[in-house]
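For reference, the structure is listed below as structure tokens.
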Amino acid sequence: MTLPADDMVLVLKALHFAADKHRRQRRKDAAASPYINHPIALAEVLATIGGVRDAVTLSAAILHDTIEDTETTGQELEAVFGAEIRAIVEEVTDDTSQPPAVRKLRQIELARTSSPRARLVKLADKICNVRDLVEAPPAGWSLERRRRYVEWARAVIAEVCGCNSALELHFNALCERAMTHLVGSEPESER
Ligand code: NDP
Ligand code: ZN
């Protein structure tokens, strides 16, 4: 199944906008991958594993880190992409003024009451991040830190269950594999 022309235009516009906003950013992996690879990966996971063809969800996935990680505002997103996409992106945006521990708990709480489209974006984000933790982990992260991240991601995703069974099955299998891969510990000096 392909996207109708208007839907394709929306997704391409989101790609252009996100690529521009993230143009100076890199992921945390040792190779410092271009940041835009991550939002593109979310949309690809949604489409290929989740069978998602809803252009609003795919575009929100592509834009999901623009408010949190760039100078993009909600008003700007609304002006370019409309109120619906702005609302989804805001739902998956952490309040960066809060301390990390508060943000972690807040994500679990917010996942519980999030909209169906925000749940899909959240699930794809955690799939991509857990996959990266195994294949291209943040430089300097100990196995224990990576395990803690997987456990927290599971707690967040437990709150969105029922939104897409193919994505949920994939996430659960990925976490199992990640925990098997991330066994052991490093010497104290490397933690
Ligand atoms: P962070 O929140 O610091 O980093 C995880 C986030 O980084 C992911 O959610 C993802 O967010 C992004 N990311 C970028 N590149 C990668 C990649 N290659 N693989 C996976 N994720 C990537 O991680 P923690 O949850 O561990 O830490 C929270 C806070 O606690 C930090 O701010 C830190 O100051 C502090 N801390 C925690 C320690 C611990 O052991 N947990 C140890 C020391 C400090 P996105 O997709 O949104 O971009
Ligand atoms: Zn993300």
Side-chain angles (χ1 to χ4, degrees), residues 14-15 17-19 21-47 49-50 52 57-72 77 85 88-111 114 117-157 159-160 167 170-171 174-175 177-179 181-191:
L15 283 169
F17 185 96
K21 293 295 186 178
H22 291 298
R23 67 190 180 281
R24 294 196 190 88
Q25 295 172 327
R26 293 286 181 272
R27 295 286 284 171
K28 296 173 178 172
D29 58 288
S33 312
Y35 199 91
I36 190 63
N37 292 2
H38 168 67
I40 293 172
L42 261 71
E44 188 180 0
V45 159
L46 284 168
I49 301 169
V52 174
T57 304
L58 296 174
S59 301
I62 291 164
L63 297 165
H64 82 281
D65 275 333
T66 54
I67 296 181
E68 192 173 303
D69 293 337
T70 78
E71 80 299 345
T72 307
L77 276 189
I85 287 182
I88 302 164
V89 175
E90 286 184 337
E91 275 192 87
V92 299
T93 297
D94 276 2
D95 178 356
T96 49
S97 67
Q98 295 295 319
V102 174
R103 289 167 60 180
K104 297 261 166 205
L105 279 176
R106 193 91 188 106
Q107 271 210 37
I108 299 172
E109 285 166 13
L110 288 176
S114 57
R117 283 168 163 150
R119 285 168 184 244
L120 288 171
V121 174
K122 184 59 70 184
L123 185 46
D125 195 26
K126 294 293 180 274
I127 286 173
C128 292
N129 284 337
V130 170
R131 190 169 70 187
D132 284 351
L133 278 184
V134 174
E135 293 175 3
W141 278 34
S142 67
L143 290 169
E144 192 194 340
R145 184 169 182 184
R146 290 154 70 188
R147 282 196 299 267
R148 277 209 296 267
Y149 187 95
V150 175
E151 279 159 12
W152 166 73
R154 277 177 146 162
V156 175
I157 295 311
E159 301 297 339
V160 307
L167 288 172
H170 184 84
F171 176 77
L174 195 61
C175 289
R177 277 209 307 279
M179 291 309 258
H181 180 85
L182 301 174
V183 289
S185 62
E186 296 90 348
E188 191 72 38
S189 59
E190 291 174 29
R191 277 183 209 164

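Below, each value reflects all heavy atoms present in this structure, side chains not excepted, and no hydrogens, waters or symmetry copies. When a ligand or atom number is given, it counts from 1 through the structure's own listing order. Since this is a predicted model, take the numbers as computed values, not measurements.
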* To the nearest 0.5 Å, what is the distance between CD1 (Ile49) and NE2 (His170)? ->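 Taking CD1 in Ile49 and NE2 in His170, the distance rounds to 3.5 Å.
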* Pairwise distance CD1(Ile36) to CZ(Arg27) - rounded to 0.5 angstrom -> 11.0 Å
Give the atom numbers and elements of ligand 1 that come within less than 4.0 Å of a heavy atom of [X].
X	result
Arg148	39 (C), 40 (O), 41 (N)
His38	46 (O)
Asp65	45 (P), 46 (O), 47 (O), 48 (O)
Tyr35	45 (P), 48 (O)
Asp29	18 (N)
Tyr149	5 (C), 8 (C), 9 (O), 25 (O)

* Asked: Do Arg147 side-chain atoms and Leu182 backbone N/O form a donor-acceptor pair below 3.5 Å?
  ->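 Yes, Arg147 side chain to Leu182 backbone: donor-acceptor pair under 3.5 Å.
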* Any donor-acceptor pair under 3.5 Å linking the side chain of His64 with the backbone of Ala61? ->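 Between the backbone of Ala61 and the side chain of His64 there is a qualifying donor-acceptor contact (under 3.5 Å).
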* Asked: Is atom 41 (N) of ligand 1 close to the protein, meaning a heavy atom under 4.0 Å from it?
  -> yes
* Angle at the Zn ion (ligand 2): provide the value between OD2 of Asp65 and OD1 of Asp125, rounding to 10 degrees. => 170°
Is there any N or O on [X] that sits under 3.5 Å from an N or O of ligand 1?
X	value
Lys104	yes
Asp125	yes
Ala136	yes

* To do: Just do the side chain to side chain donor-acceptor pair (under 3.5 Å) check on Ser97 and Asp95 with the steps written out, would you?
  => CA-CA 5 Å; Ser97 67; Asp95 178 356; 2.6 Å; yes
* Asked: Can you find a heavy atom in the side chain of Val121 that is under 4.5 Å from one in the side chain of Glu91?
  ->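 They are not in side-chain contact.
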* Hey, does Val150 have a side-chain heavy atom less than 4.5 Å from the side chain of Met179? ->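 Heavy-atom side-chain distance check passes, below 4.5 Å.
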* Structure fact -> Only one of Thr93, Val89, Val92 passes side-chain contact (heavy atoms from CB on, under 4.5 Å) with Glu68, and that residue is Thr93
* Any donor-acceptor N or O pair under 3.5 Å, side chains Asp65, His22 -> no
* **Electrostatic pair Arg148:Glu144 at N-O distance under 4.0 angstrom** => yes
* Quick one: does Trp152 get a heavy atom under 4.0 Å from ligand 1? ->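 Heavy atoms of Trp152 never come under 4.0 Å of ligand 1.
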* Verify side-chain contact (heavy atoms from CB on, under 4.5 Å) between Gln25 and His38, making sure each step is shown before the conclusion. => CA-CA 11 Å; Gln25 295 172 327; His38 168 67; over 6 Å; no
* To do: Measure from the Zn ion (ligand 2) to each N, O or S atom of His64 and report whether any distance is below 2.8 Å.
  =>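 A backbone or side-chain N, O or S atom of His64 is under 2.8 Å from the Zn ion (ligand 2).
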* Would you tell me which option among Arg146, Gln25, His64, Arg145 has the nearest heavy-atom contact to atom 31 (C) of ligand 1? => Arg145
* To do: Can you figure out which of Glu68, Arg27, Lys126 has its heavy atom closest to atom 16 (C) of ligand 1?
  =>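 The option holding the nearest heavy atom is Arg27.
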* Asked: How does Ala101 reach ligand 1, if at all, at less than 4.0 Å between non-hydrogen atoms: by side chain, backbone, both, or neither?
  ->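 It is neither; nothing of Ala101 touches ligand 1.
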* To do: Examine the proximity of ligand 1 to Trp141 and report which part, side chain or backbone, both or neither, has a heavy atom under 4.0 Å away.
  =>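 The answer is the side chain of Trp141.
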At what distance is the nearest protein heavy atom to [atom], and which residue and atom is it?
atom	result
atom 3 (O) of ligand 1	Lys28 NZ, 3.2 Å
atom 10 (C) of ligand 1	Asn129 ND2, 3.5 Å
atom 29 (C) of ligand 1	Pro100 CB, 3.4 Å

* Any cation-pi pair here, Arg26 with Tyr35, using under 6.0 Å and within 45°? ->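 No, Arg26 does not lie over the aromatic ring of Tyr35.
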